Structure formats: structure tokens, C-alpha cells
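Scroll down for the structure; my scribbles are underneath it.
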Amino acid sequence: MDETAVKVEHLWKTFRIPHERRNTLFENLVGFFRPNSYEAFTVLKDINLEVGRGECIGIIGDNGSGKSTLLKIIAKILRPTSGSVKVCGRMTPFLELGVGFQPDLSVRENIRIYATIMGLPKKVIDERIDDVIRFAGLERFEDAKLKNLSSGMQVRLAFSTAIQTDPDILLVDEVLAVGDMEFQQKCFRVFEDYRNSGVTILFVSHDLNAVRMLCDRTLLLRNGECADFGDTNSIIDKYIYKSDSSSDAEKSSDKERASTRKEIEIADVKFIDKYGNPNENFVAGDPLSVRIFFDAHERVRSPVFGIIFYHEDTYCYGTTTEFKGSDTGVISGMGYVDFIIPRLPFLKGKFEVTVAVTSHDYRTQYDWHDRRYAFNVHNPTRDLGMMLIDGTWSLHRDA
Amino acid sequence: MLLSVSHLRELIGFRDLIIRLAWSDFKLRYKSSALGFFWSLLEPMLMLLVLYVVFTNLMRIQVEHYQLFLLLGIILWNFLDRGTSMSIWGIVGKPSLVQKVYFPRDILVISTCITALMMTALEFIVFVIFMLVFRVMPGWTVIYFPLLLMLELMLITGLSMALSAMNVYFRDVQFIWRVVLQVGFFATPVIYPITIFPEGVRWVVMLNPMAQIITIMRDCVLYSTPPGAASLSYVVLSSATSLLIGYLIFERLEPGFAEMI
């Protein structure tokens with residue numbers, strides 16, 4: 001038996017996005033003499049990947065970096081523009097749960113449909129259908145129509161059905177993102193079981209922790225290119241500390257500055273560590289100051305500086321100088337304001353920062369830098385999660 | 001290459017899926033209506049009634065067993081009408097099956113055609129009841145019945161392959177096809193016998209494979225007349241051509257399905 005499960009060689013994928021979408025025959029006939037111009041959008045550039053049998057590979061990257069496209073090409077759903085994909089073994093894609101569900105049919109019938117789509121033979125479905133219903137906890141609803149089930153029940157049903165497949169290669173795309181915590185953990189355990197039983201897994205996720213726990217090696221995609229491939233921990237670190245992409249943001253802000261004339265500009269933002277030096281990496285619980293450098297071209301009375309912290313898509317915290325009751329007075333020329341955090345309340349991850357400056361009544365926005373700055377927080381403890389909560393345990397015995 | 005032995009073998013491997021999709025589609029059509037299956041029978045029945053009244057009393061068409069003649073024509077035409085109209089939506093109407101999982105995409109079209117076959121089978125049950133009521137017994141030539149039905153299925157599958165694939169790229173194919181079907185209904189000897197045309201023009205009408213299928217079927221089932229070798233081979237040839245061209249078009253357009261839907 002070949003030891004390679006998936007082999008991707010020199011894979012390119014370009015989407016052609018027409019400037020004007022012609023969806024009907026009529027539009028095509030009319031437009032025949034006016035050739036439609038296309039925007040070529042290259043999503044994957046020269047991807048090479050070799051996955052051994054039984055390996056678990058994580059694929060990470062920002063939105064739009066081509067992760068899902070890569071998975072869809074491996075799953076044969078999309079065709080590569082050039083290059084080749086070789087897959088040895090039975091492959092099951094988990095790109096979406098509950099593909100082919102019919103809301104008007106009963107739970108039982110839907111299990112049969114979905115299981116058949118996932119490639120289970122009829123005999124196996126007959127044997128396992130009761131297990132699936134029990135595992136999903138839907139014994140009382142087995143003859144109900146699917147549309148009468150809550151969406152949580154539907155997801156549970158879909159997942160219990162999907163895990164009946166026994167593939168050699170499993171493609172997983174963000175399946176963990178749906179459902180509650182308990183469901184996510186259940187999913188995670190199932191993937192671990194799959195991995196331990198020797199199934200090759202390709203795992204696309206934004207949940208870096210899950211990738212860290214599950215995957216041996218990880219592929220980092222950046223703008224469709226293979227930025228790096230190797231040991232999961234070092235790749236994830238590289239992703240968090242995103243070394244070379246900050247220069248792009250710098251460039252775009254230059255352009256912005258040149259094109260708009262503002263009363264007050266945000267010239268730069270620096271994160272100051274406990275030694276008073278600008279830094280991008282911080283340890284949870286340490287002091288941090290966000291230093292906002294401004295350049296006022298005119299005399300402005302009491303402008304308001306604001307700051308927002310984001311973690312992935314979560315809006316963590318936002319405040320302004322006005323909320324905190326500090327008046328900035330009359331400002332002209334250059335200078336900076338500090339937002340001083342004595343103890344950083346974030347535990348770990350990459351945090352992005354939006355900085356803005358507006359007039360005292362918030363009516364006029366002078367400048368707004370949306371999530372242009374970022375810092376990383378490192379966890380010195382064994383605690384879990386994103387936030388740092390100062391807490392201690394205390395035990396009391398009744399006797 | 002989709003029309004190859006290896007692809008056929010792959011399809012056979014997916015037979016569970018084809019049947020399951022066809023069957024669930026079939027069920028869905030009747031699931032939420034109180035009268036269930038009877039709805040699908042009601043439609044051709046009402047049409048039969050109207051056409052029968054009009055054509056026997058006003059047009060005075062002289063055909064032996066005209067009720068059965070008409071019903072058989074309508075059922076066979078409905079098979080084509082339904083099969084192709086449903087299949088046009090076979091790809092466009094199921095985006096998650098195209099974009100989120102992989103199986104050979106022609107399965108979606110094949111299963112829809114099988115759904116149409118199931119619905120037609122239901123109508124043939126009514127046809128048998130009518131034959132018993134009117135005491136018409138088919139002769140030995142009825143053995144051609146399954147063959148002709150399969151040839152029509154081939155013809156429909158071929159058309160459906162082409163139409164469903166083109167509808168992904170040009171959404172007005174469905175409207176154009178509706179018009180073609182309307183014209184086809186009157187250009188095909190469904191409600192009238194081929195003999196209303198003058199001798200010299202008949203061969204033009206009979207170039208339409210549906211005209212051949214309906215005429216041969218009537219001869220075999222109602223009038224115990226075996227088909228001529230020429231017309232039967234014409235049907236075989238045109239069904240095979242339809243399937244071939246349908247698959248060629250489908251194969252050419254298939255790579256872009258997931259992106260275009």
C-alpha cells in the first residue's frame with residue numbers, strides 16, 4: 001500500500017469574476033459583440049502538499065486565504081486551474097453538516113438520505129439507524145418531520161449520522177464552529193477518535209487551539225500561497241506573530257493620509273511594554289500602554305480619542321477619553337495620548353486594535369484606523385481561554 | 001469521459017444514492033398534500049376529460065378507443081414534460097449537493113428522471129384500470145411496452161443532461177424550454193392521430209422521436225400491431241443520439257457547476 005494519502009502538486013486555482021454577470025441566454029446574445037471583461041482572481045498559488053497515511057494536517061490562515069478552496073479541490077468539488085491532486089483511499093468531506101436534508105421528510109428518512117450521500121451502504125444504514133437516533137437523543141422524535149425539530153437537534157442529527165462513515169481520509173471545514181460548547185467538545189472527541197484509529201485528517205479551522213491539539217503538522221496559507229508548512233506549534237506561532245504583513249497596513253495608511261486632509265490625524269500607534277519600549281508581544285497580566293501619536297493640523301478643542309480591542313471577531317472592549325472623564329483640552333501640533341492598562345486582562349491570542357479620534361460631540365470623525373494594529377498575548381499559566389480573570393480558589397469544609 | 005464503462009461502473013456503485021434521491025423526491029411531491037398520490041392522477045384525468053369532450057364532440061375525430069388513445073398519448077407526453085422540467089432544476093435547485101459533497105453530478109439528473117419514471121408508472125396503473133373498464137385487451141405486442149418506455153427514458157435523460165447543465169449558465173433555458181414543450185405538445189400526435197396529416201407531410205412530423213414513440217406505443221398496446229423495423233430503429237437511434245449529445249454537453253459544462261450556481 002502507498003504511504004501517501006493525499007498528494008497535491010503545483011496546484012493553482014483562478015476564479016474568473018466577470019465584471020458584468022451574464023446569467024441569461026439573452027444577455028449572452030446581446031453581449032456577444034461586447035466581450036465581457038473578467039477579473040482573474042487567483043485563490044491558490046502553486047500549492048504543494050504531501051500528506052502521509054494516518055497523518056493529521058491542520059490548514060490555517062486568514063479569511064480569504066484559500067483554505068476552503070483547497071479543501072474543495074481535494075474533495076473534487078472544484079476543479080484546479082492547473083496542477084494535480086492525488087487521493088488514495090476513501091474520502092469523506094465534512095464541509096457542511098446535513099447536506100441534502102429535506103425538511104419535509106421524517107427524521108428516519110433524512111438519516112437514510114444523508115447517510116447515503118455520505119457513502120454508507122444500505123445494509124450498514126439499516127444496522128446503525130437506531131444507534132444514530134439514540135446518539136442524537138431523538139428517540140421520541142424519530143417519526144417527526146425534520147422541520148419540526150429545533151436547529152440544535154438538526155445539527156445533532158446531522159453529526160451523529162455523519163460520524164457513522166468510516167473513511168480513510170476525512171476533510172473537515174469549520175464544522176466545529178456550529179453548535180454549543182458541549183457539541184463542539186463532542187465533535188472534537190470524535191475527531192480525536194478518528195485520528196487515533198489511523199484516519200488521515202485534513203482540518204481547516206480558525207480555532208487555533210483545536211488545531212494545536214489535533215494536528216501533527218500544519219499548513220499556513222497567506223493570500224493563496226503556502227506561507228509555511230511544518231510542525232503545528234511553530235507554524236501557529238508564526239501565524240500569530242504575522243511578521244511581514246504589518247508592512248502592507250503601513251502602506252495603505254500612507255495612501256489614506258495623502259488623500260484625506262484631516263484636522264487631527266492618528267500618526268501611529270505603539271504598544272508600550274513594562275520596560276517602556278514599543279513591543280508587539282506581551283505576557284498576560286503585565287502592564288501595557290497603548291500610545292496613540294497624533295498630528296493636529298489645526299487647533300481643536302477637546303477631541304475625543306477612542307480605542308477598541310478585538311479578538312478574532314469578538315468585540316472585547318471599547319472606551320474613549322470622554323467615557324473615562326478625561327478632557328483633552330485644546331490640541332494643536334504633534335503629541336501622543338496613552339491608554340494605560342496596569343494589568344493586561346487578556347490571557348492569550350492575537351488582539352487587534354481600532355483607534356479613532358473624533359470631535360468632542362462625536363459628530364465629526366477626524367481619523368479612524370480600523371483594526372490596523374495588533375499585539376499578541378502569551379499565556380504564562382496553565383489557564384485556558386482568552387481572558388484573564390483574577391481569581392483564587394477557596395475551600396471550606398462543613399465539618 | 002463520462003460515457004465510458006468505468007463511469008458506468010462508478011454509477012452502479014452509487015445505485016443506492018440514485019434510488020434514494022429519486023425515492024425521496026418522489027415522496028416529497030405528495031407528502032404535504034391531503035390527497036397525496038391522487039393529485040398526480042387528477043391532473044392527467046382532468047386534461048383527458050377536457051380533451052376528450054372537445055375532440056369527440058367538436059372536432060369529431062374518428063379513432064378506435066379514442067379515450068385510451070388519448071390517455072396513452074398524454075401519459076407518454078407528460079413523462080417527457082415532467083422529466084425534463086424537473087431535471088432543469090436538478091443542478092441549480094440543489095446547491096448544497098453540488099458545492100458541499102462530491103459524487104458524479106449526473107446522478108442528480110438521473111435520479112430526477114427516475115422520479116419522473118415513478119410518477120409515470122403511477123399513471124400507467126390508472127391506464128390499466130381504464131383498459132379493464134373499456135374491455136380492451138392488449139395483444140402479444142405489449143412486450144414492446146417496457147422497451148419503448150426505456151427508450152423514452154433514454155431520450156428524456158439525454159435532453160435533461162443538456163438542459164440542466166445549460167440552465168446553470170443561462171437561467172432562461174427553463175423558460176425557453178417551456179415554450180418548446182408547449183409547441184411540442186401540439187406538434188406531436190398526442191391528441192390526434194398522425195393520419196390527419198396528408199400523406200406527403202407525415203414523414204416530417206415523424207422525424208420527432210416522441211411522435212414515433214407515441215405512435216408505436218399505441219400500435220403495440222391498443223391495436224396489437226408490431227412496430228416496423230425502420231421506425232423502431234429510428235427511435236433507438238435518436239434516443240441514443242440524445243443521450244450521447246446530452247452527455248457531451250453535460251461533460252463540457254460540468255467542471256464549472258460548483259462555481260456558477
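Everything numeric here is computed off the predicted structure, so don't read it as measured data.
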Exercise for the section: Check A:Leu105 against B:Lys27 and note the closest heavy-atom contact, atom names and distance. Expected result: CD2-CB, 4.3 Å
Completion exercise
Bottom line for B:Val98: the part with an atom under 4.5 Å from chain A's heavy atoms is backbone
Practice task
Assess whether atom NZ of A:Lys45 is packed by more than 12 heavy atoms of other residues, nucleotides or ligands within 6.0 Å.
Solution key: yes
Exercise for the section: For residues B:Lys100 and A:Val99, report the shortest heavy-atom separation together with the two atoms involved. Expected result: CB-CG2, 3.7 Å
Practice task
Quick one: pull up CD1 in B:Ile19 and OG1 in A:Thr116 and give me the separation to the nearest 0.5 Å.
Solution key: 11.0 Å
Handout entry: Other residues, nucleotides, ligands: >12 heavy atoms within 6.0 Å of B:Arg252 CZ
Key = no
Fill in the blank from the handout: Interatomic distance, CZ@B:Arg20 vs CD1@A:Ile117, rounded to 0.5 Å, equals 10.5 Å
Fill in the blank from the handout: Rounded to the nearest 0.5 angstrom, the CD-CG distance for A:Glu96 and B:Leu97 is 9.5 Å
Problem - Gap separating the CD atom of B:Glu259 from the NZ atom of A:Lys72, nearest 0.5 angstrom - result: 9.5 Å
Problem - Check: B:Asp16 side chain, A:Lys122 main-chain N or O, donor-acceptor pair, under 3.5 Å - result: yes
Exercise for the section: Would you mind checking which part of B:Ile176 comes under 4.5 Å of any heavy atom in chain A, side chain (CB onward), backbone (N, CA, C, O), both or neither? Expected result: side chain
Fill in the blank from the handout: B:Ser96 and A:Gly100 have their tightest heavy-atom pair at OG-N, 3.9 Å
